[in-house]
Engineer: 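Once you've had a glance at the structure underneath, I'll fire off some questions.
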Amino acid sequence: MPVEIDHEAPEFDTDADPQPLDTHRASTFAQRLRAGEPDDELRSLGTVDESQVKLLEHQVDAAYRALFEMDGTALLADEVGLGKTIEVGMILKEMHYRDTSDSVLVLTPAQLAPQWQGELREKFGLEFVCNYDDAFAGFDAHDYVLASIDTAKSDRHRETVLAREWDVLVVDEAHYLRNETTDRYELVDQLAYDYAFFLTATPIQNEPADLYNLVTLLRPGLFGSRESFDRYFRSDDGQTRLVDREELHARLSEVMIRNRRAETGVDFTDRVVETRTFAPTAAERRLYEATTDYVQTAYAENEAQRLVAMLLQKEVVSSPEALAATVRGKLGNPDDTDVDGVDADGADADGAVDAGDTGDTWASGVDHDWEATDATPRYPERLRSLLETAESVDSVTKRERLFDVVDEVRERISGGHVVVFTAFRATQQALVEALTGRGYETHTFHGGHGSERKEKIVSAFETDGGVLVSTDAMNEGRNLQFCNVLVNYDLPWNPMRVEQRIGRVHRIGQQRQVYVFNLALADTVEEYVLDKLFHKIDLFQQTVGETSQILSGLASDGRSFEDAIFERLVDADAAVDLENDFDDLAVDLAQQTALSQKVEQFNDDVFDRFDLGADSD
Amino acid sequence: MTETTLVPTTERVVGLTRQYFESVGATVRQDGAELTIEFDGVAPPEWVGGYCDRSRLVATVADRAGSETPTADSETAESETPTADSETAESETPTIGPETPFTRRLIDAAATHHPVGTASVTGVPGGAETLVPPWLRASPARVASVEFYPYYDGRVVCAWLRAAVETPSQYQRESLHAVVVDPETGNRIDCDPTALLDAAESDAGAGAVASESDIERALVEARSHVVTELDKTIEHAEDSAGRAAAAAFEEYAERQRARLSERRAERNEIEQRLATIGDRLADATGDDRVELLEERAELTDRRAELDEAVSRIETADADGFPAERERLQRRHSVAVRTRPVAVTTVAVERGDLALELVGDDGRATLDLSVGAVTGPRRTPSCPDCGSEYGPQNELRVTTVGLACADCRDG
């Protein structure tokens with residue numbers, strides 16, 4: 001086999017001041033001890049910050065087996081919710097630690113890319129450039145690239161992606177590669193890589209041939225011909241059954257790892273969810289209707305206004321202050337891209353995006369550009385009228401009701417910590433003022449804080465108790481499990497983001513029951529989203545993995561879930577149309593949920609009693 | 001593993017803890033299983049921050065059961081795999097022992113703390129007798145006495161290199177190598193680096209400081225030597241990679257041949273259907289005829305596709321599937337990387353080695369110019385004919401002094 005020898009530059013500065021032996025000896029001794037560690041162990045394990053991620057035994061085991069026992073290609077097929085992303089993060093961390101991953105390509109469905117980027121950064125300290133980042137300069141410009149598979153296979157990028165020899169390839173939701181006639185399959189089939197790790201909880205989507213196609217990408221010929229693979233199964237009365245279990249298991253164990261929840265002992269405490277809907281005041285109702293009207297008109301005239309329109313629609317149910325801030329920005333300086341105290345690209349003081357303001361738009365897979373081609377605000381008079389109406393709201397219903405929730409929590413639930421999430425800084429500011437004015441111990445967390453400051457805020461919240469009012473800048477890695485009460489003051493339209501909020505408190509290691517309060521204004525888009533969509537699919541009781549599977553299924557035409565909500569809102573001519581449209585979307589969502597469950601069950605049945613998980617040899 | 005490698009036992013890790021923290025100016029005190037590190041007047045290293053309470057760090061030494069036997073260490077290491085209950089930097093007492101998170105951070109910090117060092121060696125480590133060259137030991141002359149007289153200082157460079165051999169079928173094997181090089185000549189010195197440093201002292205003086213070019217020259221030789229030392233490891237990796245590539249290729253070829261059969265079978269079926277359509281067309285009219293013609297056109301296109309696919313696979317098979325072979329060769333290639341991780345310059349003495357030799361015909365003295373570590377700088381020559389002494393031309397002690405075997409016998 002070819003042998004490539006690379007003599008790398010010294011790890012140290014060759015003209016550094018030399019140290020006397022008695023101080024230098026510790027370095028050489030440490031190098032000798034480091035070399036004495038077994039080669040086939042995960043050395044980077046000890047460098048993982050356990051305050052950011054709690055590694056479970058089955059995850060460490062999966063990472064180990066994928067790297068050391070499977071010839072560099074593995075299908076990670078744990079059941080939903082067991083942390084396949086963590087397993088891959090661990091593998092990439094180890095490879096980075098050992099310097100064996102100069103170039104890494106992670107391919108995911110578009111709406112999951114930001115979440116991947118956040119998780120890899122926060123939990124494993126790995127920096128990936130995402131194709132949605134402004135800094136992205138092409139697939140040949142960066143070493144660690146995270147991209148939607150559809151971008152990678154596009155005419156614009158395909159050649160560059162294929163021309164490069166990647167050290168590591170990761171494909172998330174790999175069941176989308178089940179059809180060998182698709183462009184996606186062809187792209188992955190032609191990619192050049194040394195190590196490849198595919199992730200999916202459901203390798204079989206429709207039929208066993210899905211598994212054949214998927215595994216063949218990783219290990220061409222492992223199953224032999226299609227005909228010989230088909231012999232593992234038999235169809236009776238439209239039901240497909242596995243008949244040669246032993247042989248299939250033997251083959252699969254060379255390439256697939258599958259852990260089951262029942263075997264891992266992963267245990268979550270219960271989650272109690274309460275949605276409180278309040279009738280808005282007359283002033284709030286006027287403001288809502290005026291805003292909705294403006295949004296429908298502006299969007300109908302110029303679809304490039306979509307992002308701003310969506311923002312206004314979300315802000316009006318959050319607080320009058322949030323809406324007013326954006327409107328003022330548009331009126332005061334049409335070219336001013338600062339909205340609601342956040343930079344135009346959502347970047348904050350330490351460069352992280354305040355996701356509540358712009359992150360949701362990444363899910364649609366389009367570049368977000370605050371200013372469309374037209375710099376002049378639409379209907380300035382109507383905007384001024386909106387501003388006046390917003391400023392005239394003197395009693396904010398949700399805010400008043402929040403105090404009730406906080407008081408109730410203090411009485412009924414011991415501990416005294418409440419975290420309130422809002423997507424908007426203006427809302428946050430107003431809440432903090434109000435809560436402080438009422439004598440509550442209040443803490444603020446947003447993307448404008450540097451990393452050290454964020455640590456201190458969370459630490460003070462843990463020590464002093466009270467209420468933490470946070471934006472969605474509180475990302476994946478942040479652990480608030482000392483708190484078990486969460487209030488969604490306003491609700492992201494992207495269910496993944498809702499799950500991410502809840503995941504701050506409801507995670508492995510949480511000892512107490514978790515309470516989630518959702519606040520919504522009646523007869524608004526928020527109530528529709530909550531009532532007709534999220535509750536319909538029991539969103540608040542699902543895991544992140546389940547939610548992402550459902551969303552991936554829905555977004556097969558490239559549109560995001562948020563886009564789907566917004567378009568129904570702006571297209572509805574009357575309340576009854578809106579209700580019907582949301583009902584249709586709810587049906588799609590429910591169907592996708594049912595389909596996901598059915599697919600999961602089929603995979604469970606096929607892989608039942610297969611020992612492909614932790615401790616299997 | 002190489003000779004420079006040390007298995008991290010509890011005792012060694014405790015030793016490193018002491019060495020490292022004392023090197024940063026802290027004081028280390030051990031009381032049973034508890035180690036207290038005090039940072040009075042010095043700032044604790046940054047990585048230690050979360051473990052420290054004010055200016056003190058208290059750590060627990062792990063169970064000593066694994067300190068004697070490396071096998072027991074690996075069992076201990078498994079049970080200490082970080083889980084939900086293991087230490088966090090923030091709140092619990094760190095544990096010092098193989099595989100604990102604290103130890104991992106300690107090793108990483110210490111390894112890069114002071115990678116460039118100096119030392120000095122006085123006299124000849126192991127005694128003057130070790131400098132007697134092999135060609136002299138092998139000769140009939142007996143060495144009655146040997147003395148080393150140092151006259152001036154020289155230096156050697158000990159380069160520490162980490163080497164990694166990687167291929168997807170076995171991931172990565174790492175090793176540490178230490179190579180001692182004479183920077184003046186660029187030649188490797190055959191001596192035990194760890195024994196050299198064990199005999200060395202800290203107080204080296206300016207003579208031990210090597211220039212950048214000295215170090216660079218030493219690294220060139222060290223890199224080359226390490227690759228030679230890795231021969232067996234590379235060979236093993238090549239075997240493993242070759243097997244994996246061969247197995248993958250066989251699987252691929254089998255699948256391609258199966259596809260070929262499938263395509264051929266489908267093509268045959270299409271041929272039969274086309275024949276049937278041909279027969280039916282003879283009598284068909286109107287819409288039926290149009291339908292048959294359309295079906296024939298579709299099947300003809302599909303047959304053309306299959307012809308192309310069959311031809312492609314047959315050609316590739318006849319050529320031995322070169323594209324896939326190349327892809328697998330590339331994928332399973334063995335990557336060897338070396339990287340210098342530390343360098344120690346050692347000041348050594350140079351001088352004369354005075355030997356008193358006794359032979360059947362008399363006694364004689366021989367002076368050799370030597371480095372105390374590097375050994376003889378040159379091989380002396382016969383005073384009569386000028387040829388160098390060596391295994392093929394042994395030194396003899398004659399009645400009139402020294403001579404080579406040719407001159408004495410001839």
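All values reported here derive from a predicted model rather than from experimental measurement. Order of the sequence lines fixes the chain letters, A, B, ..., with proteins taken first and strands second; residue numbering starts at 1 for each chain. Any value given below was found using the heavy atoms of this structure, including those in side chains, with hydrogens, waters and symmetry copies removed.
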Engineer: Measuring heavy-atom distances to chain B, does Met95(A) have an atom under 4.5 Å in its side chain, in its backbone, in both, or in neither?
Structural biologist: both

Engineer: Check whether Tyr97(A) gets within reach of chain B through its side chain, its backbone, both or neither, counting any heavy atom under 4.5 Å.
Structural biologist: side chain

Engineer: If we count only N and O atoms by modelled type, under 3.5 Å, do the side chains of His24(A) and Thr118(B) hold a donor and an acceptor together?
Structural biologist: no

Engineer: Could you check whether any side-chain N or O of Arg34(A) sits under 3.5 Å from a backbone N or O of Ile107(B), counting only pairs where one atom can act as donor and the other as acceptor?
Structural biologist: no

Engineer: With a 4.5 angstrom heavy-atom cut-off, could you sort out which part of Ser44(A) is near chain B: side chain, backbone, both or neither?
Structural biologist: neither

Engineer: Under a 3.5 Å distance rule, please check whether Asp6(A) uses its side chain to pair with a backbone N or O of Arg337(B) as donor and acceptor.
Structural biologist: no

Engineer: Counting N and O atoms only, with roles assigned by atom type, does the side chain of Arg32(A) sit under 3.5 Å from a partner on the main chain of Thr5(B), one being a donor and the other an acceptor?
Structural biologist: no

Engineer: Kindly determine whether Glu166(B) and Thr100(A) satisfy side-chain hydrogen bond (donor to acceptor under 3.5 Å, both in side chains), including the steps that lead there.
Structural biologist: CA-CA 8 Å; Glu166(B) 182 218 332; Thr100(A) 57; 5.0 Å; no

Engineer: Run the numbers on Ser27(A) and His114(B) for side-chain hydrogen bond (donor to acceptor under 3.5 Å, both in side chains), then give the verdict.
Structural biologist: CA-CA 6 Å; Ser27(A) 289; His114(B) 286 309; over 6 Å; no

Engineer: Tell me whether Ser169(B) contacts the main-chain N or O of Asp71(A) through its side chain, where contact means a donor paired with an acceptor under 3.5 Å.
Structural biologist: no

Engineer: Less than 4.5 Å to any heavy atom of chain B: does that hold for the side chain of Asp99(A), its backbone, both, or neither?
Structural biologist: both

Engineer: Check whether Gln19(A) reaches the backbone of Pro115(B) with its side chain - one donor and one acceptor, N or O, closer than 3.5 Å.
Structural biologist: no

Engineer: Strictly distance-based, threshold 3.5 Å: is any side-chain N or O of Arg223(B) a donor or acceptor partner for the main-chain N or O of Glu8(A)?
Structural biologist: yes

